[in-house]
Structure formats: C-alpha cells, structure tokens
Amino acid sequence: MNTSFHPTPRTLMGPGPSDVHPRVLGAMAKATIGHLDPEFIGLMEEIKVLMRQTFRTQNKLTLPLSAPGSAAMEASFANLLEPGDKVIVCINGVFGMRMAENVRRMGGELVTVEDEWGTPVDAEKLSAALAANPETKIVAMVHAETSTGVCSDVKTLCALAKKHNCLTIVDSVTGLAGVPLEVDAWQVDVAYSGTQKCLSAPPGISLITFSEAAAECVRARNAPVQSWFLDVSLLMAYWEGEGARTYHHTAPVNAMYGLHEALLMVQEQGLEQSWQKHRDMHASLAENLTGLGLDFVVHSDCRLPQLNLVKVPEGVDEASVRKQLLTDFNLEIGAGLGAFAGKVWRIGLMGYSARQENIQLCTSALRACL
Ligand SMILES: *Cc1c(COP(=O)(O)O)cnc(C)c1O
C-alpha cells in the first residue's frame, strides 16, 4: 500500500483501452505547463487542426472534451436536444441502447429503430421510421458498434436522415482512424470519438465536432444546455477566442500532449494507410483464428476489422480462457456483452494493438489455452 504502483505490462487486445504507443506515453511525461500558457494555447490550436483532418471536416466547432467517450455522447444530445424533441435512435448493440437512455433522460421523444445484435443498422427500417415520424429532429447511430463488432453504413443512413431535414449524431468512438469516416462528405452533423480505441492513446479524453447546422441548432435553443460542463457554447469560449480565452475548466494538460501526439501519428502515417493497416491486420488475424477452428460472428460484409467477435467453441469456458490469457500471457481480450455474454470473445486490433506481434501472441496463446 505504501509503495508506488507498478502495473504488469499487458498486451491489450480487448474492446479498449488498446495498447498505447510509446511516443504517446513519452509525450504525456513532458513537463506540465499552465493551461493558459501561450505554448499550451498553441498546442490547442494544433489539436483542433489535427482533429479536423482526422474527422475529414472543415467544421469550425471541433474540439476535445476533458472526459471520456460517454461524455461526448452525452454532450451530443445535451447540446442538440430540447425536451419534447423527437429523436430516432438506431440500436444494434450496447452503445445504441446508451444513446436511447440519454434521449429518455433528457426528455426527448424517443423512437427506436432496432436491429439484431451482430447485424448493421437497416436503412429500410430507418427510412420507414422517418416516414412514420415526419417531425423528427435528430437521427442518432453508432458507426462502429463495439459490443458486436459491426460497422454500419453511416453514409447511407445520414443521407436518409438529411432527406428528411434531420440532424445526425454519429458515435465513432471505435470507428475513427480504424474504418473510413467522412464527416463532411457523409453529412454528419455531430460526430464524436475517444482516445483509447484506434488512436492509441490512454482513455479519458474524447473528440467531438459540430457542423454549422448543429452549431446553429445550439445557438437557437430556447433554454440553455442543462449541463454546464458540456455546453459547447461555453467550451468554445475556452477553446477558441483569438487571444482572449476565458477560463472554463483546467484542461488535462498532459492528456492533451498525448492526444496531440496520437493525432500527429495518424497524420504521419496517413488516414487511408491507417484504415488499410486495420484491414490488413484483421485479415492476418482471421486467417490464424480460422486455422485454429474458430468462427467469426459477424458477416465479412459489415465486420469491423478493429474489433473481432469470435465464437467460443462448444464446451469451452470463456471466462477461464480469458483468465488464463491474462495470467499466463499478459494478454487481455474482451468478453461478450448482453446477448453475447458467455458466447463470444471480443478481440481488438485497434491502433497500436493492430500489430503482427500482437496477432502472433494472440494466436499462440489461444492455441495453448484451447
Ligand atoms: C468505448 C465506447 C464508448 C464509450 O467511451 P468511454 O471512453 O468508455 O466512455 C462509446 N461508444 C462506443 C461505440 C464505444 O466503443
């Protein structure tokens, strides 16, 4: 108890956090400076530019939040939604359910479009829901459903929502830098992500961007955003403002060093190359696991390369295998959630975890445990 904490180094191949790149950890160990120091303000400016490049957007209102992905989800709804507004939430896993819960708690009128776990959001169902609910204000969806390993067709779903003049909210916490996301080209109004999935940084920070239409919606609110901390109009006075910045909260300075380094590394590699890397590593893992006789849950058409759901073979206790992987191999993989609990493993290949050496370790360790 009275000694420093020394975690055992692990290989993180679960649903997040994923392995943190040594360059990011190194950046975070740099000297802390004041959050209103001109050098830190310069860093904030660079972070916003890097974020726009990574989200593929020109959105002015693009900023990190000093809180994890779930806070960005909450911020999306808190800023756009006013009590009584009708919101369609597409649900095909845990995170869609969490979005729906946000809408309920904020007094929105919730309409759900539900698809089976392990399948993508069905555009036909969304289309029918939009036709049946013409006064819908917002359509929300999860790009990369981490609970099921499914990628939904955000481009098509947002185009449908736009035809009905709705604002769109897209959760790309697991998607960003792992699979293509084109915020502007796909007409996404609010997109958010997190640091600990495909960006190879530690958990705790989220990234969010608002289109001009979404920003206008915030400006046109009747009542102020109920959450003081997540009100983007207040946050922007801190993250923007030429020269004069008003204190809002103390930014987690070293965590921002980490985010900056992580985004810089994505740009150095190239976003397309990052998407391709995830596809390549997935192909390599899939070949190995198929060789071990393991089956994938999600159809290859809509499978996320960075999050692989694998069926637990008949007669195998999934929890004891995970325990053995951790204790004997220092390897973490994820358990199934909800309908998939006890039936699947979730093997992440996100960001710095998407490496050949991780794939070899995972393959040989699973071979030994099975
Ligand atoms: C991880 C995740 C979140 C939540 O992020 P936290 O940083 O854990 O709060 C939200 N949505 C999806 C799809 C995720 O994978």
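Atoms within each ligand, like the ligands themselves, are counted from 1 in listed order.
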Subject >> Region of Pro203 engaging ligand 1 - heavy atom pairs below 4.0 Å >> reply: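 Neither part.
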Subject >> Contact partition for Gln196 relative to ligand 1, non-hydrogen atoms under 4.0 Å >> reply: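 The answer is the side chain.
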Quick one: nearest non-hydrogen protein atom to [atom], plus distance?
atom: atom 11 (N) of ligand 1; value: Asp171 OD2, 2.7 Å
atom: atom 14 (C) of ligand 1; value: Lys197 NZ, 3.0 Å
atom: atom 3 (C) of ligand 1; value: Phe95 CE2, 3.4 Å
atom: atom 4 (C) of ligand 1; value: Ser70 OG, 3.5 Å

Original post:
Is it the case that Gln356 and Ser284 place a side-chain donor and acceptor less than 3.5 Å from each other?
Top reply: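 Yes.
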Original post:
Are Ser211 and Asn59 close enough that a side-chain donor and a side-chain acceptor fall under 3.5 Å?
Top reply: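 The answer is no; no qualifying pair exists.
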Original post:
Got an N/O contact under 3.5 Å between Thr174 and ligand 1?
Top reply: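 Looking only at distances, the answer is yes, because the N/O contact criterion of under 3.5 Å is met.
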**OP:** Using distance alone, decide if ligand 1 has a nitrogen or oxygen within less than 3.5 Å of any nitrogen or oxygen in Thr146.
**Re:**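 N/O-N/O distance below 3.5 Å exists for this pair.
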Original post:
Strictly under 4.0 Å, does any heavy atom of Ala72 approach an atom of ligand 1?
Top reply: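 Under 4.0 Å: no for Ala72.
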Subject >> Residue pair Glu216, Arg219: steps toward the salt bridge (charged side-chain N to carboxylate O under 4.0 Å, His left out) verdict >> reply: CA-CA 5 Å; Glu216 182 50 38; Arg219 285 192 288 269; 3.1 Å; yes
Original post:
Rounded to the nearest 0.5 Å, what separation is found between the CD1 atom of Ile33 and the CD1 atom of Ile41?
Top reply: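 Going from the CD1 atom of Ile33 to the CD1 atom of Ile41 covers 9.5 Å.
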**OP:** Measure the spacing between CE of Met236 and CG of Leu61 and express it to the nearest 0.5 Å.
**Re:**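 Going from CE on Met236 over to CG on Leu61, the span is 5.0 Å.
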**OP:** Evaluate salt bridge (charged side-chain N to carboxylate O under 4.0 Å, His left out) for Lys162 paired with Asp189, printing each intermediate quantity in order.
**Re:** CA-CA 10 Å; Lys162 283 290 151 192; Asp189 288 299; 2.6 Å; yes
Original post:
With a cut-off of 4.0 Å, which atoms of ligand 1 are near a heavy atom of Ala144?
Top reply: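 The list of qualifying atoms is 13 (C).
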**OP:** State the atoms of ligand 1, each with its element, that fall below the 4.0 Å cut-off from a heavy-atom position in Gly69.
**Re:**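 Every atom of ligand 1 under 4.0 Å from some heavy atom of Gly69: 5 (O), 6 (P), 7 (O), 9 (O).
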Original post:
Can you name the closest pair of heavy atoms from Val20 and Pro202 and give their distance?
Top reply: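 Nearest heavy atoms, Val20 then Pro202: CG2-N, 3.6 Å.
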